[in-house]
Visitor: 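Structure incoming, see below.
Here the structure is a predicted model, which is why all the values come from computation and not from measurement. Lettering of chains follows the sequences in order, A, B, ..., and the numbering in each one begins at 1.
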Amino acid sequence: MNHAAALPAEEHFETSTGLNTFKLGFWVFLGSETLFFGSLIATYMVYKGASVTPPYPSQILNIPLTSISTFVLLMSSLAMVLALAGVQRGNRAQTLTWLLATAALGSLFLGFQAFEFTEFYHKGLTLQTNLFGSTFFILTGFHGAHVTVGVIWLLMLWVQALRGRLGAERALTVEIAGLYWHFVDIVWIAIFTLIYLLE
Amino acid sequence: MATAEARVRAEFEPHGGTGIWSWITTVDHKRIAILYYVTSVVFLVLGGIEALIIRLQLAQPNGTVISAETYNQLFTMHGVTMVFLMGMPISVAFFNYLIPLQIGARDVAFPRLNALSYWIFLFGGIFLYSSFLVGQAPNGGWFGYAPLTSKQFTPGLNADFYSLGLQALGVASIMGGVNFITTIINMRAPGMRLMRMPLFTWMSFVTSFLLITALPVLAVALFFLTFDRQWGTNFYQVAAGGDPILWQHLFWMFGHPEVYILILPAFGILSDIIPTFSRKPLFGYAVMVYSGCLIGLISWGVWAHHMFATGLGPIADSFFTISTMIIAIPTGVKIFNWLATMFGGQLRFTTPMLFSIATVGLFTVGGISGVMHAASPADLQQTDTYFVIAHFHYVLVAGTVSAVMAGTYYWFPKVTGRFMSERLGKWNFWLFFIGMNLTFFPMHFIGLLGMPRRTFTYSPDLHVTNLNLSATIGAFILAIAFLLLIVNVLISRRNGAPASHNPWGAATLEWATSSPPPEYNFGRIPVIHNREPLWLPGKEEVVEAAQARPGAIHMPPPSFWPFFTAIGIVGTFALFLTGHWWAPLIGVAWTAIGIVNWAYEPTH
Amino acid sequence: MSVRRNLLRLHAALVLGALVGVLAGCEGEHPQSTFRPVTEYGVILDRLFDHTVWWTMPVLALVWIVLLYVVFRYRERPDAATPRQIHGNAKLEVAWTIGPAIIVAAIAVPTIRTIFAVQPKPPADALKVEVIGHQWWWEFRYPDFGGITTANELRIPTGRTIDLVMRSADVIHSFWIPRIGGKRDVNPLPAQPGHPEHGATTAHPNHIIFRTDSVGVFYGQCAEYCGDSHAVMRVRAVVSTPEDFDRWVQAMNVAPAPAPGSLEAQGKQIFETHACVACHTVNGTNARGVLGPNLTNVGQRLYIGDQDRLKTTPENLARWITNPQEFKPGAKMPGTKQSGGGLPPTGLTDEQVRAVAAYLYSLGRTTPAAPAPTTTTDTTSTSGMK
């Protein structure tokens with residue numbers, strides 16, 4: 001997730017494709033992440049309906065609540081776009097506002113998830129209860145971990161912006177953080193559709 | 001003259017030093033390659049010793065050399081070592097050394113990430129081997145089938161070392177894949193179009209895609225295993241409705257691309273060496289590239305041919321039979337193209353060429369037996385027997401390892417500026433050739449005559465004693481061959497005949513720069529106009545540019561943080577062994593410190 | 001260069017390889033060979049294997065002939081000019097793409113046909129045998145015969161289709177008797193979902209369906225790595241005539257009664273008052289344990305515990321009871337002084353062991369109607385077999 005490895009040849013000639021190397025490398029990494037989440041989601045689908053003991057998804061999933069948290073996460077992507085626009089224009093106020101907004105919305109999403117997990121726990125669903133519990137918590141848990149990393153990353157950028165070290169020349173750094181953020185968001189849309197909406 | 005030298009020194013400051021600290025902090029792809037190579041060879045020796053003990057136990061029926069428990073740990077660690085700690089990293093050693101040199105770059109795209117990959121690999125390997133210290137080495141086979149690896153059937157730490165160790169190694173492989181893909185896409189010299197790249201770089205490219213796509217699937221399978229064992233989840237628990245077959249699907253979805261991760265680099269090595277010693281360009285370059293890509297692609301659709309006995313039903317069996325057989329076609333094309341490259345050439349039988357020729361011939365044996373068990377009903381008699389062991393050792397020993405030997409003899413002059421001894425090399429080759437065949441050829445028969453694999457003993461009633469004895473003798477001959485390779489490297493490193501920048505008269509770009517190459521690889525990045533820059537007109541300019549006095553080249557400075565961060569990452573996984581949920585967080589914190597320091601480290 | 005000498009060595013190596021092949025033939029009979037099938041199922045697989053050999057060997061031969069030709073013909077000559085720089089030949093490359101494709105097709109078509117042929121629906125009149133894999137022994141149940149149960153020796157009659165319905169009680173095993181045919185994994189079956197509206201379960205047992213006309217004993221063993229004693233998880237198929245098979249079935253339902261006061265009676269008493277009965281069953285007695293192999297008529301079995309070293313004799317039974325771990329490392333049965341399977345040592349004295357061994361040896365032998373097979377391997381073979 002770090003983004004500061006050296007680019008030895010950069011000063012001497014353009015990259016072969018014209019693409020920035022960090023950005024390209026990060027895209028490749030996201031490709032790898034796709035397979036990771038793909039496998040987790042596939043496992044969830046394979047085990048759908050295979051639980052031996054309750055609670056079953058239909059008894060416990062709170063679709064209205066999760067729709068709200070999904071909306072929150074989608075809005076955070078919008079905020080991310082605005083933050084990047086701020087950096088690119090060198091507009092410090094816009095950068096600070098929207099970076100913080102993105103991180104806040106991300107945190108809010110995590111809050112919803114924490115609430116949901118606690119709720120499920122009280123209704124008797126744990127990692128060990130049944131296959132639904134195992135697959136649900138591991139899949140959404142790994143996603144939540146990714147959001148957490150993203151929030152920390154955004155806050156680090158925000159601190160840099162606060163210290164005036166996030167000018168237009170570092171737009172790429174924010175753009176890569178944005179790539180990550182949008183990716184995590186898209187993964188959630190897939191999870192939300194497949195777990196919550198699909199019967 | 002003296003002033004000129006002084007000016008050069010003022011312009012390019014090498015990140016010198018040869019002490020241990022310089023190796024720990026190096027980010028130079030060439031030094032990291034050497035670290036990878038040496039470490040892999042150490043693991044080759046360890047895996048080899050395990051194999052020899054296995055062969056001693058099986059030299060006679062009802063053998064009593066070691067106990068069943070020890071045997072099961074040894075064959076598991078032999079497999080894990082040869083796949084994850086030898087086969088993959090030794091390929092990565094070649095990737096590291098050669099990709100930047102072959103495409104005209106000064107280093108890989110992310111030099112510190114590269115160092116991080118290496119240190120994770122090293123610490124992951126040490127972690128796996130530390131299991132022997134507590135007498136609980138992995139014992140569920142390299143394929144670790146559920147539910148044998150569950151807490152119920154493996155209460156010890158054996159399966160934890162397995163799942164956590166492989167998890168760490170997987171992280172390193174994914175990072176490596178990202179790095180090489182980015183390097184190849186983005187850091188080619190002017191004029192080095194994709195279709196002008198040497199075949200080795202091409203095959204590394206395909207392999208890297210397999211790395212980044214296959215390893216995440218293994219990561220998920222291993223996470224499930226870890227959670228099942230540590231926190232009682234139900235992924236592979238039949239009592240909770242879980243299906244152990246899920247592990248098989250996930251494992252082989254990784255595992256079959258993995259097979260091509262191991263063999264494609266070997267194809268690349270052959271495709272570079274054979275033209276050199278035939279004095280002819282590679283026959284059908286484009287087809288060789290496409291067939292490699294096709295193999296990589298199809299390797300994603302064949303995983304269940306490892307599961308024909310599992311009972312997937314006739315439809316799935318048919319699908320995977322056909323997809324597996326299709327993969328034989330591009331592989332066959334490669335073999336014929338190598339033959340055609342040699343056809344009409346001027347063959348020089350140097351040691352690398354001998355190994356390459358043997359690889360072409362013997363790999364075909366493995367390919368043929370592969371087609372035999374692609375026929376899934378016939379495979380019902382072959383799978384999980386010594387026939388399969390014979391098959392994949394022909395592919396991986398006569399294929400991958402033999403090609404790696406060829407590559408070692410071939411690129412050694414580039415790395416050290418000295419030749420390896422050809423006399424020792426010839427001994428090395430013939431002992432390898434004889435030992436290899438004596439070990440693995442009889443195994444075809446051992447399997448077809450009914451001996452399953454992963455068995456610590458066999459009955460004299462099976463009447464496969466002589467065959468097993470032959471395999472044991474062959475294994476020791478093979479061991480001598482590997483020993484000779486190591487001896488040859490050690491002797492030739494200091495005493496080998498000096499080699500020029502292009503001692504074999506090869507065509508590809510890595511031979512343009514001096515031997516050994518300077519830290520910055522090329523004085524000026526050469527402009528490439530064709531596939532054989534050192535054979536075709538314009539070669540003088542290429543060499544001249546490569547060996548030009550360096551301008552104001554900035555190379556990335558050494559960094560301690562990859563080493564530091566790797567301790568954190570492997571430590572995170574290792575601390576799961578404690579069984580305390582908070583213990584891995586120590587590793588996470590350590591890693592975070594490493595990453596923050598890394599991020600704020602000046603790179604100028 | 002010493003090319004000629006090197007090639008000589010190459011030939012020597014090849015000859016060596018061929019010798020190794022011959023070596024295999026010289027070792028005598030191979031009871032676990034895949035080449036001597038005694039069922040239609042086995043014959044079909046063997047035929048397919050032959051088919052793959054015939055279609056692939058020419059390719060191997062071609063590659064090696066061209067390789068050797070090239071190596072001889074095109075070795076470097078000191079005065080030779082630079083060879084012609086050929087970059088490829090589209091026609092040739094198309095040819096050797098199509099060539100292998102044809103061979104692959106020639107193998108694939110009969111393969112697909114075979115895939116469906118060897119996975120038929122079991123016929124209604126098939127003799128059903130439930131095969132249950134355990135670490136590290138085989139359980140066989142005969143639901144058609146009142147659920148009689150035996151272990152490690154699969155008793156079946158000739159001339160009747162057998163349907164093995166297989167599942168595991170613990171980890172994955174694989175049932176393989178090469179002369180009967182290909183192996184199939186013996187999987188633990190996932191528990192049924194508790195929520196029926198959510199589709200069907202994927203849990204289904206694997207089957208091996210076959211028929212044989214050959215009387216004899218056929219060797220096999222577990223083929224999927226299953227832990228410590230995987231290597232010694234062996235199995236024997238004992239095929240007898242329908243009449244002999246019926247007699248065996250009858251005998252399995254007869255309660256043994258050793259003569260009062262005999263060593264056997266003493267053994268029975270010890271057996272029934274010690275830990276043995278916690279795991280073992282002997283029909284017609286109060287031994288009703290189900291964790292270990294069912295020992296009804298165990299005296300009739302060819303081997304005890306270890307399907308190789310321990311022919312069923314009182315002495316070998318005693319050795320097994322004294323220390324099973326010696327023969328099956330990790331076995332879940334305690335010895336007299338060693339614990340096993342989480343159970344403490346039985347603490348039986350040598351004297352007691354001898355009595356128990358005598359008792360077990362007598363099981364099935366006191367009922368004269370049930371002959372043990374006399375041959376250890378078959379002598380007959382059905383028509384059309386190699």
Visitor: Heavy atoms only: give me the nearest Asp308(C)-Pro460(B) pair and the separation to one decimal.
Guide: OD2-CD, 3.9 Å
Visitor: Out of the candidates Leu347(B), Val360(B), Ile357(B), only one should pair with Val70(C) under the side chain to side chain contact (heavy atoms under 4.5 Å, CB included) rule; please name it.
Guide: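 When Leu347(B), Val360(B), Ile357(B) are each tested with Val70(C), the side chain to side chain contact (heavy atoms under 4.5 Å, CB included) holds only for Leu347(B).
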Visitor: Using non-hydrogen atoms and a 4.5 Å limit, figure out which bit of Gln135(C) sits close to chain B: side chain, backbone, both or neither.
Guide: side chain
Visitor: Do you know which of Asn72(B), Asn62(B), Thr455(B) has the most heavy-atom pairs under 4.5 Å to chain C?
Guide: Asn72(B)
Visitor: With side-chain contact (heavy atoms from CB on, under 4.5 Å) as the test, would you mind laying out the steps for Glu224(C) and Arg454(B) before giving the verdict?
Guide: CA-CA 8 Å; Glu224(C) 186 66 86; Arg454(B) 305 177 178 124; 3.9 Å; yes
Visitor: Any donor-acceptor pair under 3.5 Å linking the side-chain atoms of Gln119(C) with those of Asp317(B)?
Guide: yes
Visitor: Heavy-atom cut-off 4.5 Å, strictly under: side chain, backbone, both or neither for Arg453(B) against chain C?
Guide: backbone
Visitor: Check whether Ala146(B) gets within reach of chain C through its side chain, its backbone, both or neither, counting any heavy atom under 4.5 Å.
Guide: backbone
Visitor: Side chains of Pro329(C) and Glu69(B): closer than 4.5 Å at any heavy-atom pair?
Guide: no
Visitor: Does His463(B) use its side chain to pair, donor to acceptor, with the backbone of His30(C) at less than 3.5 Å?
Guide: no
Visitor: If we only count heavy atoms from C-beta on, is the Val63(C) to Phe336(B) side-chain gap below 4.5 Å?
Guide: yes
Visitor: Against chain B, work out which of Gly181(C), Ser174(C), Ser229(C), Ala90(C) has the most heavy-atom pairs shorter than 4.5 Å and name it.
Guide: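 With the most close heavy-atom pairs to chain B, the winner is Gly181(C).
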Visitor: Are the side chains of Thr52(C) and His373(B) in contact, using a 4.5 Å heavy-atom criterion?
Guide: no
Visitor: Is it true that Phe343(B) and Tyr74(C) have ring centroids separated by less than 6.0 Å?
Guide: yes
Visitor: Quick one: does Thr56(C)'s side chain get under 4.5 Å of Met372(B)'s, heavy atoms only?
Guide: yes
Visitor: Given a strict heavy-atom distance threshold of 4.5 Å, which part of Arg184(C) is in contact with chain B: side chain, backbone, both, or neither?
Guide: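 For Arg184(C), the contact with chain B is made by backbone and side chain together.
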Visitor: Quick check on Gln85(C) against chain B: is it the side chain, the backbone, both or neither that has a heavy atom closer than 4.5 Å?
Guide: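 Contact with chain B is through both the backbone and side chain of Gln85(C).
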Visitor: Does any heavy atom of chain C fall under 4.5 Å from the side chain of Glu422(B), the backbone, both, or neither of them?
Guide: neither
Visitor: Does any backbone or side-chain atom of Val53(C) lie under 4.5 Å from a heavy atom of chain B? Answer side chain, backbone, both or neither.
Guide: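 Contact with chain B involves both backbone and side-chain atoms of Val53(C).
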Visitor: Side chain, backbone, both or neither: which part of Ile98(C) has a non-hydrogen atom closer than 4.5 Å to chain B?
Guide: neither
Visitor: If you count heavy-atom pairs within less than 4.5 Å of chain C, which of Ser318(B), Ala240(B), Ala286(B) leads?
Guide: Ser318(B)
Visitor: Quick check for you: among Thr385(B), Val371(B), Thr383(B), which has the greatest number of heavy-atom pairs under 4.5 Å with chain C?
Guide: Thr383(B)
Visitor: For the residue pair Met57(C) and Ile368(B), establish whether any side-chain heavy-atom pair is separated by less than 4.5 Å.
Guide: yes
Visitor: Trp96(C) and Phe283(B): ring pair (Phe, Tyr, Trp, His ring centres under 6.0 Å), yes or no, with the steps?
Guide: CA-CA 13 Å; Trp96(C) 58 58; Phe283(B) 191 92; 5.8 Å; yes
Visitor: Which bit of Leu469(B) comes within less than 4.5 Å of chain C, counting heavy atoms only: side chain, backbone, both or neither?
Guide: neither
Visitor: State whether a side-chain donor-acceptor pair under 3.5 Å links Trp176(C) with Gln381(B).
Guide: yes
Visitor: If you compare all heavy atoms of Thr97(C) against all heavy atoms of Ile329(B), which two are closest, and at what distance to 0.1 Å?
Guide: O-CG2, 3.6 Å
Visitor: Which atoms of Ile245(B) come close to chain C, meaning under 4.5 Å heavy atom to heavy atom: side chain ones, backbone ones, both, or neither?
Guide: side chain
Visitor: Less than 4.5 Å to any heavy atom of chain C: does that hold for the side chain of Phe308(B), its backbone, both, or neither?
Guide: backbone
Visitor: Under a 4.5 Å heavy-atom cut-off, does chain B meet the side chain of Asn187(C), its backbone, both or neither?
Guide: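 Answer is side chain: those atoms of Asn187(C) sit under 4.5 Å from chain B.
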Visitor: Quick one: what part of Arg73(C) sits under 4.5 Å from any heavy atom of chain B, side chain, backbone, both or neither?
Guide: neither
Visitor: Please state whether the side chain, the backbone, both or neither of Ala95(C) comes within less than 4.5 Å of a heavy atom of chain B.
Guide: neither
Visitor: Does any non-hydrogen side-chain atom of Leu362(B) lie less than 4.5 Å from one of Trp64(C)?
Guide: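 Counting from C-beta outward, Trp64(C) and Leu362(B) do come under 4.5 Å.
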Visitor: Examine whether an atom of Pro147(B) lies under 4.5 Å from a heavy atom of chain C, and if so say whether it belongs to the side chain, the backbone or both; otherwise answer neither.
Guide: both
Visitor: Between Arg167(C) and Val238(B), does the side-chain contact (heavy atoms from CB on, under 4.5 Å) criterion hold? Intermediate values first, please.
Guide: CA-CA 12 Å; Arg167(C) 64 188 162 88; Val238(B) 286; over 6 Å; no
Visitor: With chain B as the partner, which of His230(C), His207(C), His51(C) has the greatest number of non-hydrogen pairs under 4.5 Å?
Guide: His230(C)
Visitor: Without swapping roles, check the side chain of Gln346(B) against the backbone of Glu76(C) for a donor-acceptor pair under 3.5 Å.
Guide: no
Visitor: Identify which part of Gln152(B) has an atom lying under 4.5 Å from any heavy atom of chain C, answering side chain, backbone, both or neither.
Guide: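 Answer is neither: Gln152(B) stays 4.5 Å or more from chain C.
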Visitor: Select, from Asn337(B), Ile322(B), Asn139(B), Thr321(B), the one with the greatest count of heavy-atom pairs under 4.5 Å involving chain C.
Guide: Asn337(B)
Visitor: Testing the basics here: between Lys183(C) and Leu380(B), what is the closest heavy-atom pair and its distance to 0.1 Å?
Guide: NZ-O, 2.8 Å
Visitor: Which atoms form the tightest heavy-atom contact between Ala309(B) and Asn206(C), and what is the distance?
Guide: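 For Ala309(B) and Asn206(C), the tightest heavy-atom pair comes out as O-ND2, 4.0 Å.
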Visitor: Side chain, backbone, both or neither: which part of Pro188(C) has a non-hydrogen atom closer than 4.5 Å to chain B?
Guide: both
Visitor: So which part of Ile103(C) gets closer than 4.5 Å to some heavy atom of chain B, the side chain, the backbone, both or neither?
Guide: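 When you check distances to chain B, no heavy atom of Ile103(C) falls under 4.5 Å.
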Visitor: Kindly give the heavy-atom pair with the smallest separation between Leu48(C) and Ala378(B), and that separation in Å.
Guide: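 Result for this residue pair: CD2-N, 3.7 Å.
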Visitor: Answer with side chain, backbone, both or neither: which region of Phe175(C) has an atom nearer than 4.5 Å to a non-hydrogen atom of chain B?
Guide: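 Looking at Phe175(C), nothing touches chain B.
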Visitor: For the residue pair Asp228(C) and Phe456(B), establish whether any side-chain heavy-atom pair is separated by less than 4.5 Å.
Guide: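 No - every pair of side-chain heavy atoms lies 4.5 Å or more apart.
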Visitor: Is any side-chain heavy atom of Ser33(C) less than 4.5 Å from a side-chain heavy atom of Leu448(B)?
Guide: no
Visitor: Examine whether an atom of Phe75(B) lies under 4.5 Å from a heavy atom of chain C, and if so say whether it belongs to the side chain, the backbone or both; otherwise answer neither.
Guide: side chain
Visitor: So, for Ser278(B) and Pro83(C), which heavy atoms are closest and what is the spacing to 0.1 Å?
Guide: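 Scanning both residues, the minimum pair turns out to be O-CG, 3.8 Å.
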